[in-house]
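I have placed the structure first, in the form of structure tokens, so that the comments after it can refer back to it.
Sequential numbering from 1 along the given sequence is applied to the chain's residues.
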Amino acid sequence: MPVYCVTGANRGLGLEFVRQLARDGANTIVACVRSSSTDTADLEAVASKTTHVLVCDTGSGRSISSFAEALTSTLGSGVKIDFLLNNAGVNSVSHQNALSIGEEDLHREIQINVLGPATTVSSLISAGLLADNARIMNMTSGLGSMERSLGINPRKCATYSISKGALNMLTVHQSGDLREKLKECVVVCMDPGWVKTRMGGEGAVLDAEVSIGGMLRTVHGLGEQDNGKFFTYDGSVVPW
């Protein structure tokens, strides 16, 4: 019975991950929400009997540590995560360009989009909760690709793009460093495409069902040769 952990699971892409994974009753799903006051009605509507909703605010190191402790009790002795889907993220100041970046805005997006996945992985490693052959997916964006960003005119979402570029580099480092602990793990970053969600905003062209379906097929097909790569939702390799 595979165990999946999805951060940012109460809406958008995270909710769609849970919806699709819950179709198979053999899957154990850990669905993470930001706080105990988060509206989980939509999440509860799609959850299976083997879905566990836990609090994990990826913008808070303390919350992540508490989550790892709670997860140990939730899963039980010896049960580990097979698929970690670091989905939680923010794009709160999409209007900013390179000449108008707000210092606090950049700090916040780095905290959630980069330090969040970094701390989540390190906390789960310390708690012994990741399987030796775990598949870890860091949700990035095409805007985190330097080559693709060069072709965007006008360029947009500078603060978000910088955080996702940093997340991509984190993925590269994790792909090597985690092998010291988990000999067969594979770490990748993945662009979901421009999806019709609240974060996607106006102009988004891709249905969440299609994006998440493609990402799950890609994650399930990951092999040794894919460690440290940057994919889009359909399994194509994205230029750095």
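Looking only at distances, no side-chain donor or acceptor of Thr38 sits under 3.5 Å from a matching main-chain atom of Val33. Ser122 places a side-chain N or O within 3.5 Å of a backbone atom of Thr119 that can act as its donor or acceptor partner. A distance-only check finds a donor-acceptor pair linking the side chain of Glu109 to the backbone of Ser92 [under 3.5 Å]. Judged purely by atom type and a 3.5 angstrom limit, Asp191 has no side-chain atom pairing as donor or acceptor with the backbone of Val238. In this structure, the side chain of Arg135 engages the main chain of Asn133 through a donor-acceptor pair within 3.5 Å. Counting only distance, with no hydrogens or angles, the side chain of Ser211 and the backbone of Pro192 share a donor-acceptor pair below 3.5 Å. Not one N or O on the side chain of Ser100 forms a donor-acceptor pair closer than 3.5 Å with the backbone of Gln96. Formation of a donor-acceptor pair under 3.5 Å by the Ser175 side chain with backbone atoms of Val172 is found in this model. In this structure, Ser63 contributes its side chain and Ser60 its backbone to no donor-acceptor pair below 3.5 Å. The closest donor-acceptor contact from the side chain of Asp24 to the backbone of Ala26 lies under 3.5 Å.
Residues Phe83 and His220 have side chains in contact (heavy-atom distance under 4.5 Å, counting atoms from C-beta outward). Under the 4.5 Å side-chain criterion, counting only non-hydrogen atoms from C-beta, Val237 is in contact with Phe231.
Residues Ser149 and Leu143 come closest through the heavy atom pair OG-O, 3.1 Å. Here the closest heavy-atom approach between residue Ala134 and residue Ile81 is recorded as CB-O, 3.9 Å.
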(message) Does Arg179 form a salt bridge (charged side-chain N to carboxylate O under 4.0 Å, His left out) with Glu224? I'd like the steps, not just the answer.
(response) CA-CA 11 Å; Arg179 288 298 181 90; Glu224 168 71 25; 3.1 Å; yes
(request) Begin with the C-alpha distance, continue with both residues' side-chain angles, and end with the deciding distance and a verdict on side-chain contact (heavy atoms from CB on, under 4.5 Å) for Phe67 and Cys5. (result) CA-CA 11 Å; Phe67 161 69; Cys5 179; 3.8 Å; yes
(request) Might you work through the side-chain contact (heavy atoms from CB on, under 4.5 Å) test for Trp240 and Ser145, ending with a clear yes or no? (result) CA-CA 5 Å; Trp240 294 109; Ser145 165; 5.9 Å; no
(request) Might you work through the side-chain contact (heavy atoms from CB on, under 4.5 Å) test for Thr159 and Ile110, ending with a clear yes or no? (result) CA-CA 9 Å; Thr159 312; Ile110 290 291; over 6 Å; no
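There is a side-chain donor-acceptor pair under 3.5 Å between Asn138 and Thr171. A donor and an acceptor atom, one from each side chain of Ser126 and Ser123, are nowhere located under 3.5 Å apart. Judged by distance alone, the side chains of Asn91 and Ser94 never bring a donor and an acceptor atom under 3.5 Å apart. Side-chain atoms of Thr40 and Glu44 form a donor-acceptor pair, as typed in the model, at a separation below 3.5 Å. Under the 3.5 Å distance criterion, with hydrogens and angles disregarded, no donor-acceptor pair is assigned to the side chains of Thr232 and Asp234. Inspection of the Ser163 and Asn113 side chains reveals an N or O donor paired with an N or O acceptor under 3.5 Å.
Put simply, CD on Glu184 and CG on Asp132 are 5.0 Å apart, with the number rounded to the nearest 0.5 Å. Note that OG1 of Thr7 and CG of Leu85 are 8.0 Å apart. Values are rounded to the nearest 0.5 Å.
For the pair Lys156 and Trp194, the cation-pi test (distance below 6.0 Å, angle within 45°) is passed.
Under a 4.0 Å N-O distance rule, the pair Arg23/Glu209 qualifies as a salt bridge.
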